[in-house]
Amino acid sequence: MAQHSGVPSAVRLAGVMTALQGLAGLGFAVALVVRAFGVESPGRVLGEAGYFTVLCGGVAAAGVALVIGRTWARTPAIVVQLLLLGVAWYAYGPSGQQLAGSLLGVYCAVVVALLFTAPAREWALGPDDDEDTGALG
């Protein structure tokens, strides 16, 4: 697992924002568990809560990993943002929730933009080996 010193501030901020998304999802899973006590057959609701716990736990872990400088976490964080951009589009259009869709879309776009800044890309790719080997180019 690669970890480079000098994690760019853009990567750390994207990590915090991604971890917050994971924590929000975990909060939703807790709300589902609480709801399960009020229904006749709680099995499905508890299953859904377990599903969200696994997924959102992974999102939170990727966010924390970005904050501490693990380069492997950049790709999962980007994939999550792209998936959530689809959710934002659906909320904005077919669901008719323009405010929620817009806010989520902007949030995800900011995280993606932070992870594609030049310092973030250089950090993720690691040191340039061509300079060390003296390759002609």
Side-chain angles (χ1 to χ4, degrees):
M1 288 186 218
Q3 179 177 4
H4 300 298
S5 60
V7 180
S9 58
V11 172
R12 290 191 193 273
L13 179 57
V16 168
M17 293 175 75
T18 302
L20 287 174
Q21 289 173 324
L23 290 175
L26 290 172
F28 178 69
V30 168
L32 285 173
V33 170
V34 170
R35 178 178 176 236
F37 292 115
V39 297
E40 242 177 70
S41 100
R44 288 186 180 192
V45 179
L46 290 174
E48 186 178 355
Y51 176 77
F52 274 100
T53 299
V54 170
L55 288 179
C56 296
V59 172
V64 170
L66 282 173
V67 171
I68 64 173
R70 303 287 184 180
T71 56
W72 63 263
R74 183 174 177 255
T75 300
I78 291 169
V79 170
V80 165
Q81 302 314 313
L82 294 177
L83 291 171
L84 286 175
L85 278 171
V87 172
W89 173 85
Y90 186 81
Y92 185 85
S95 290
Q97 299 178 9
Q98 284 79 23
L99 180 61
S102 298
L103 292 176
L104 179 61
V106 168
Y107 191 96
C108 294
V110 167
V111 175
V112 169
L114 288 170
L115 291 173
F116 278 106
T117 60
R121 286 180 305 154
E122 290 172 11
W123 168 79
L125 294 174
D128 190 9
D129 290 337
D130 289 342
E131 294 175 8
D132 297 336
T133 60
L136 298 175

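Computed over heavy atoms, backbone and side chain alike; hydrogens, waters and symmetry mates excluded.
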Would you name the heavy atoms of [X] and [Y] that are closest together and state the gap between them?
| X | Y | result |
| --- | --- | --- |
| Leu85 | Ala109 | CD2-N, 4.3 Å |
| Val110 | Met17 | CG1-CE, 3.9 Å |
| Ala91 | Gly101 | CB-CA, 3.8 Å |
| Leu26 | Thr53 | CD2-O, 3.7 Å |
| Val67 | Gly15 | CG2-C, 3.7 Å |
| Leu23 | Ala60 | N-CB, 4.4 Å |

Under 4.5 Å between side-chain heavy atoms, chaining through other members, with only Ile, Leu, Val, Met, Phe, Trp and Tyr counted: pull out the rest of the cluster around [X], sorted by chain and number.
| X | value |
| --- | --- |
| Val45 | Phe28, Leu32, Val39, Tyr51, Phe52, Leu55 |
| Val64 | none |
| Leu103 | Leu99 |

Verify the cluster assignment for [X] and [Y]: are they in a single hydrophobic cluster under the rule of side-chain heavy atoms below 4.5 Å apart?
| X | Y | result |
| --- | --- | --- |
| Leu20 | Leu66 | yes |
| Ile78 | Val80 | no |
| Val106 | Phe116 | yes |
| Leu114 | Leu84 | no |
| Val87 | Tyr107 | no |

message: Once rounded to the nearest 0.5 Å, what's the spacing between atom CG of Leu125 and atom CZ of Arg74?
response: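 Rounded to the nearest 0.5 Å, the CG-CZ separation comes to 7.0 Å.
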Phe37 CZ to Leu46 CG distance, which is reported to the nearest 0.5 Å: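 Separation between the atoms: 7.0 Å.
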If you look only at pairs with a residue in residues 14-40, which of them pass as a side-chain hydrogen bond (donor to acceptor under 3.5 Å, both in side chains), with sequence neighbours excluded?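 Pairs touching residues 14-40 that pass the test: Gln21-Gln81.
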Margin query: Run the side-chain contact (heavy atoms from CB on, under 4.5 Å) test against Thr117 and tell me which residues pass, sequence neighbours left out.
Written below: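 So Thr117 forms a side-chain contact (heavy atoms from CB on, under 4.5 Å) with Ala10, Pro119, Ala120.
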- Item | Counterpart residues, side-chain contact (heavy atoms from CB on, under 4.5 Å), relative to Tyr92 (two or more places apart) |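 Scan of Tyr92 (side-chain contact (heavy atoms from CB on, under 4.5 Å), adjacent residues dropped) gives Gln98, Ser102.
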